[in-house]
Amino acid sequence: MNVPDIIIAIDGYSSTGKSTFAKLISQAFGFLYLDSGALYRGVTFFALENGMIEGTDRIDLGRLIPALETLDIHFEEGSKTFLGKRCIEDRIRTLEVSSSVSPIAAVPEVRAYVDRRLREFGERGRIVMDGRDIGTTVFPNAQLKIFMVADDQVRAQRRYDEMVAKGETPDFQEVLDNLKERDRIDSTREVSPLRQAEDAFVLDNSDMTLHEEVVWIRGLIQGRFDIRETRWLWVWPLR
Ligand code: CDP
């Protein structure tokens with residue numbers, strides 16, 4: 001399918017499968033995938049490693065904010081997160097980072113840092129980006145916006161299974177509590193709270209397979225951009 005050079009914004013609650021879906025879209029249509037949450041997680045990892053967070057949410061802003069000026073968090077090898085030369089992809093997905101990321105993401109200076117980075121990527125077009133405020137704040141003019149939701153228990157189970165698959169031994173209740181707490185903080189913060197953009201299409205994937213999600217987005221893109229499938233031409237016998 002010949003998809004135009006658009007920006008696709010995918011927002012939604014924690015662990016609704018945004019990144020899996022966004023990665024599939026990027027593969028299916030040859031788009032660049034960008035995980036905005038990874039940048040917030042990267043800042044959180046940096047702050048934790050440098051002793052700038054006490055408990056889960058007491059942040060030493062006096063040290064963190066100036067450090068943002070030279071903080072080098074970027075993507076390499078496809079969509080792996082790097083801090084300088086170090087790959088931190090696995091280290092940003094721990095429950096420790098998850099427990100402090102929402103308070104960090106509520107800091108206006110941190111949001112400005114991440115937004116700046118994301119907009120640099122956006123200039124290239126043909127990207128699919130997932131997060132909480134992509135369709136509302138980062139790219140309000142994105143040509144296609146999707147808002148993902150799913151049942152709490154289903155979301156927690158997915159995240160739990162993901163952690164077990166990585167060899168961790170999470171506690172299901174702790175995983176569920178973390179999702180709900182992040183949703184609460186993300187939806188109620190003052191700067192760019194998590195909310196559905198007015199022109200976003202809602203995708204509830206509680207009972208959907210990945211294949212069904214891809215069929216759904218193909219139909220949506222075809223209808224919205226008036227794209228006719230031309231693939232049948234290629235199987236026409238050539239004489
Ligand atoms: O993958 P998951 O849904 O668990 O979260 P994520 O996309 O990795 O994002 C981690 C956290 O970063 C979220 O809980 C938000 O606090 C924050 N975030 C944000 O505030 N704005 C974004 N555009 C993306 C993430």
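Side chains included, hydrogens not; waters and symmetry mates left out as well; all remaining heavy atoms used. Both ligands and their constituent atoms are indexed starting at 1 by order of listing.
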### Task
Would you please write out the protein residues whose heavy atoms approach any atom of ligand 1 to under 4.0 angstrom, listed by chain and number?
S14, S15, K18, S36, G37, Y40, R41, V101, S102, A105, R111, G131, R132, D133, I134, R159, R182, D186, R189
### Message
So I217 and F21, do their side chains get closer than 4.5 Å, heavy atoms only?
### Response
yes
#### Entry: Steps toward salt bridge (charged side-chain N to carboxylate O under 4.0 Å, His left out) verdict (R189, D186)
CA-CA 6 Å; R189 70 179 170 228; D186 293 345; 3.5 Å; yes
### Query
Between R195 and D133, is the closest basic N to carboxylate O distance under 4.0 Å?
no
### Query
Around atom CD of E49, are there more than 12 heavy atoms of other residues, nucleotides or ligands at under 6.0 Å?
yes
### Query
In a check of side-chain contact (heavy atoms from CB on, under 4.5 Å) between F31 and each of K23, R126, M129, which one passes?
R126
### Summary
From the list R159, Q157, R158, side chain to side chain donor-acceptor pair (under 3.5 Å) partner of S15 resolves to R159
